[in-house]
Colleague: 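Before we start, here is the structure in question, set down as structure tokens.
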Amino acid sequence: MIAAAVLVCALPAVPAMAQTPAKPKVALVMKSLANEFFLTMENGAKAHQKANAAKYDLLSNGIKDETDTSSQIKLVEQMIVSRVNALVIAPADSKALVPVLKKAIDAGIIVVNIDNKLDEGALKEKGISVPFVGPDNRKGAKVVGDFLAKQIKKGDPVGIIEGVSTTYNAQQRTLGFQDAMNAAGAKVVSVQSGQWEIAPANTVAAAMLNANPNIKALLCGNDNMAIGAISAIKAAGKTGKVLVVGYDNINAIKPMLADGRVLATADQFGSQQAVFGIETVLKALAQKKKQADLGGVIETKVELVAKGAKS
């Protein structure tokens, strides 16, 4: 009887503990932290968490370079083991990350996609729905390309340096550049991947300039690749003769915009990209929504950045 009395007395403490609300753990998994854009994204996320410290905890990480897909898959697996409540991801590959994200969803983790859109076919094949929060990359690239088009003539040869070719945002930015060049009557003589990185883009740009001595412009899928292209143009002795545009509006590109080495770029508000995703998952958690209840696209803004351009 004494033992039973002790047990009865102990019982109320269990549900009381269970009722204590725990802050959700939100994981942010990005691409290369060697890219200033993703460092800016991470800083924005950390600032948001600091301002909302009572609402959630943040775990953030990234990979060593833009093509390190296997390491990003391992990061997601680590987040599953860590029992995070939600995962906001900028996938290094639009298809390769889908299977591990399916594992996360099966483990009860809310998943939201930012920056680079996951492949619709791959999602459908796995029977999952993941909302995308981010800008229309094709539209943004076309705005940049349209601005460039005012500086060249019909029939002028141009080259496109795109990001990792298996990524949706690289493909969409290339399409946006092509839309603008086709509308202007310019001739796209080469499309090659610069892997989102400075050094590979420098190599690609040098090859393009060598193969096409009369090339008038290089349209780069991000600002890192624009920086690589500028170095190649300088090495070829063509500074001022070949126009360059980029995408992202990172700090490193701003002096080049100011002195004309870069004609234009697109600002997709990197510091807020992860924040938009985090706010989406926090809302889903607060409303006790399941992954199956989520989907579609939440479009965020993108603006042209150039001298004399109206935002």
Side-chain angles (χ1 to χ4, degrees), residues 117 134-165 167-196 201-202 204-234 236-250 253-254 256-269 299-311:
K117 196 170 185 292
D136 185 324
N137 283 276
R138 185 169 185 168
K139 188 192 300 181
K142 185 178 184 302
V143 169
V144 174
D146 286 342
F147 188 81
L148 167 67
K150 297 173 184 177
Q151 310 295 321
I152 59 177
K153 299 174 183 176
K154 187 175 182 179
D156 278 350
V158 301
I160 296 175
I161 304 178
E162 73 176 0
V164 175
S165 300
T167 58
Y168 183 83
N169 56 348
Q171 295 163 2
Q172 290 296 298
R173 290 177 196 178
T174 294
L175 287 171
F177 287 150
Q178 288 173 330
D179 290 342
M181 294 301 96
N182 289 338
K187 184 180 180 182
V188 178
V189 294
S190 183
V191 178
Q192 295 183 50
S193 175
Q195 305 293 316
W196 298 124
N202 178 265
V204 166
M208 283 189 185
L209 294 168
N210 185 57
N212 306 277
N214 296 319
I215 208 162
K216 299 299 182 186
L218 294 174
L219 297 90
C220 305
N222 77 350
D223 288 341
N224 272 354
M225 296 190 296
I227 291 169
I230 289 162
S231 295
I233 290 167
K234 182 179 179 181
K238 295 189 175 183
T239 299
K241 297 177 181 177
V242 181
L243 299 173
V244 176
V245 295
Y247 199 107
D248 279 345
N249 195 34
I250 63 175
I253 210 73
K254 291 177 182 178
M256 301 175 191
L257 284 163
D259 66 21
R261 283 176 290 169
V262 173
L263 182 67
T265 187
D267 192 343
Q268 58 173 335
F269 303 92
E299 188 174 329
T300 59
K301 61 183 178 178
V302 57
E303 293 179 356
L304 175 71
V305 179
K307 277 187 177 180
K310 293 181 179 180
S311 298

Colleague: Check the surroundings of atom NZ in Lys234: do more than 12 heavy atoms from other residues, nucleotides or ligands lie under 6.0 Å from it?
Modeller: no
Colleague: Can you give me every donor-acceptor pair (side chain of residues 175-186, partner residue at least two apart or in another chain, under 3.5 Å) with its distance?
Modeller:
{"unit_1": "Asp179", "atom_1": "OD1", "unit_2": "Arg138", "atom_2": "NH2", "d": "3.1"}
{"unit_1": "Asp179", "atom_1": "OD2", "unit_2": "Arg138", "atom_2": "NE", "d": "2.7"}
{"unit_1": "Asp179", "atom_1": "OD2", "unit_2": "Arg138", "atom_2": "NH2", "d": "3.3"}
{"unit_1": "Asn182", "atom_1": "ND2", "unit_2": "Gln178", "atom_2": "O", "d": "3.2"}

Colleague: Please determine whether salt bridge (Lys or Arg N to Asp or Glu O under 4.0 Å) holds for the pair Lys142 and Asp146, giving the CA-CA distance in whole Å, both sets of side-chain angles, and the decisive distance to 0.1 Å.
Modeller: CA-CA 6 Å; Lys142 185 178 184 302; Asp146 286 342; 2.8 Å; yes
Colleague: Is there a donor-acceptor pair under 3.5 Å between the side chain of Asp259 and the backbone N or O of Arg261?
Modeller: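 Such a contact is found between Asp259 side chain and Arg261 backbone.
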Colleague: Is any side-chain heavy atom of Pro157 less than 4.5 Å from a side-chain heavy atom of Asn212?
Modeller: no
Colleague: What I'd like to find out is whether the side chain of Leu218 reaches to under 4.5 Å of the side chain of Val242, using heavy atoms alone.
Modeller: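 A side-chain contact exists here, since the closest heavy-atom pair is under 4.5 Å.
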Colleague: Please determine whether side-chain contact (heavy atoms from CB on, under 4.5 Å) holds for the pair Lys216 and Leu243, giving the CA-CA distance in whole Å, both sets of side-chain angles, and the decisive distance to 0.1 Å.
Modeller: CA-CA 6 Å; Lys216 299 299 182 186; Leu243 299 173; over 6 Å; no
Colleague: Counting only N and O atoms by type, is there a donor-acceptor contact under 3.5 Å from the side chain of Gln171 to the main-chain atoms of Ser165?
Modeller: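 Here the side-chain-to-backbone pair exists.
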Colleague: So which heavy atom on Gly221 is nearest to which on Tyr247, and how close?
Modeller: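 Looks like O-CB, 3.3 Å.
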Colleague: How about Asn137 and Tyr168: do any of their side-chain heavy atoms sit closer than 4.5 Å?
Modeller: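 No. Closest side-chain heavy atoms not under 4.5 Å.
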Colleague: Return yes if some donor-acceptor pair links the side-chain N/O of Thr265 with the main-chain N/O of Asp248 below 3.5 Å, else return no.
Modeller: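 Flag set: sc Thr265 to bb Asp248 pair under 3.5 Å.
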Colleague: Hey, are the side chains of Ile161 and Met208 touching, using non-hydrogen atoms and a 4.5 Å cut-off?
Modeller: yes
Colleague: Are any side-chain N or O atoms of Lys238 and backbone N or O atoms of Pro213, one a donor and one an acceptor, separated by less than 3.5 Å?
Modeller: yes
Colleague: Does the side chain of Phe269 come within less than 4.5 Å of Glu303's, by heavy atoms?
Modeller: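 The answer is yes; the side chains approach within 4.5 Å.
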Colleague: Are any non-hydrogen side-chain atoms of Asn224 and Ile250 less than 4.5 angstrom apart?
Modeller: yes
Colleague: Can you tell me if Asp223 uses its side chain to pair, donor with acceptor, with the backbone of Ile253 under 3.5 Å?
Modeller: no
Colleague: My understanding is that only residues two or more places apart in sequence, or in another chain, count here; which of them pass side chain to side chain contact (heavy atoms under 4.5 Å, CB included) with Ala170?
Modeller: Thr167, Trp196
Colleague: Does the pair Lys254 and Val305 meet the rule for a side-chain contact (heavy atoms from CB on, under 4.5 Å), with working shown?
Modeller: CA-CA 10 Å; Lys254 291 177 182 178; Val305 179; over 6 Å; no
Colleague: Work out which heavy atom in Gly163 is nearest to a heavy atom in Ser193; give both atom names and the distance.
Modeller: O-OG, 2.9 Å
